[in-house]
*Asks:* 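Mind having a look at this structure? Questions to follow.
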Amino acid sequence: MKTLWCSLILSSQVATSSGFSALTSSRDCLPQRRALQLNAETKCYEATRRKLIVGPISLFGFSYKHQRAVADVLSPSNVRVATWPSIEDLEPMYEFKLSIDALQEGVKDSKNWPLVKNRLDKFFKGAILSEKNFYFGVGLQYMNDINYAKEELPNYVVMDQQARYDALQRTMRNLENLKEALADEDAQGIADYAKDSQIALASWFALVPENDILAVEDLFVNVKKADLNRDGRISDDEMGSLTPVQQELWKKRVEKFG
């Protein structure tokens, strides 16, 4: 499969020290916009669907327990938006959410702790090219592609982007804390950080339109059904079981992210 995803050079330490939380009336000086400038120096990361999710196994090694995503989120953002990013741009984050939901259930059984610890080690391994930065980058790219209404106040835009960024950062921080708690076999810490990571990512989805969440859920469910041999790829024959709209969305998803 072609290498089509260029990972963003992201670091929560750099982002935090850049003063992102300070409100400003100039959208051009937002650090995430600088980070999202893709150029010839941008590092490329091949994130094929086979690598991210193989068959019914989730990112963290547990089967997806599919359920309505909107039941887990709060009310959407009140900032005025002209147009939202496309559904295919949301799909990797939806897979990530299902993985976090499965992880939260998985750690309830201490027999799963070594598996989860090993998977989290791999998740954070690789510095710029880590899976952590892949998902952080996808989340930031989604945020960057939101087209806010022209009449919206700049400070409201900054606050909205701040909320989205903070949700991503909390998710990754709690996952890292979970990894450390697993190493220490800290039962209470494991339970708390697993739940906190789930809550943090749910707060990111709370700022996504409900109809878009339902649409990406529908896409995910039908693509999973279409993958008859469970190899993580959709062949031309398998593609035929999807609707024309689903086919187009999935092709765009694969073109962008692998």
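Predicted, not measured: the structure shown is a model, and the values here were computed from it.
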*Asks:* Is there a side-chain contact between Asp160 and Tyr148 (heavy atoms, below 4.5 Å)?
*Replies:* yes
*Asks:* Measure across Gln246 and Asp218 and return the closest heavy-atom pair with its distance rounded to 0.1 Å.
*Replies:* NE2-OD2, 3.1 Å
*Asks:* Mind checking whether Phe123 and Met172 have side chains closer than 4.5 Å, heavy atoms only?
*Replies:* yes
*Asks:* Between Arg119 and Glu131, does at least one N-O distance fall below 4.0 Å, as a salt bridge requires?
*Replies:* yes
*Asks:* Can a donor-acceptor pair be found, under 3.5 Å and without considering hydrogens, that links the side chain of Ser235 to the backbone of Glu238?
*Replies:* yes
*Asks:* Check whether any side-chain heavy atom of Glu91 sits under 4.5 Å from a side-chain heavy atom of Lys252, and report yes or no.
*Replies:* no
*Asks:* Once the angle between the rings of Tyr165 and Phe136 is folded into 0 to 90°, is it parallel (under 30°), tilted (30 to 60°) or perpendicular (over 60°)?
*Replies:* tilted
*Asks:* Quick check: do Gln141 and Asp89 have side-chain heavy atoms less than 4.5 Å from each other?
*Replies:* no
*Asks:* Counting C-beta onward and ignoring hydrogens, is there a side-chain heavy-atom pair between Arg253 and Leu249 closer than 4.5 Å?
*Replies:* no
*Asks:* Below 4.5 Å, heavy atoms only, C-beta onward: do Glu255 and Glu88 meet side chain to side chain?
*Replies:* no
*Asks:* Check Asn174 against Ala200 and note the closest heavy-atom contact, atom names and distance.
*Replies:* ND2-CB, 4.4 Å
*Asks:* Show your reasoning for whether side chain to side chain contact (heavy atoms under 4.5 Å, CB included) applies to Leu129 and Asn133.
*Replies:* CA-CA 7 Å; Leu129 303 185; Asn133 276 349; over 6 Å; no
*Asks:* A side-chain contact here means heavy atoms from C-beta on lying under 4.5 Å apart; do Val107 and Tyr193 qualify?
*Replies:* no
*Asks:* How about Tyr142 and Trp204: are their ring centres within less than 6.0 Å of each other?
*Replies:* yes
*Asks:* Using a strict cut-off of less than 4.0 Å between a Lys/Arg side-chain nitrogen and an Asp/Glu carboxylate oxygen, indicate whether Arg170 and Asp166 qualify as a salt bridge.
*Replies:* no
*Asks:* Is there side-chain contact between Lys179 and Asp121, with at least one heavy-atom pair below 4.5 Å?
*Replies:* yes
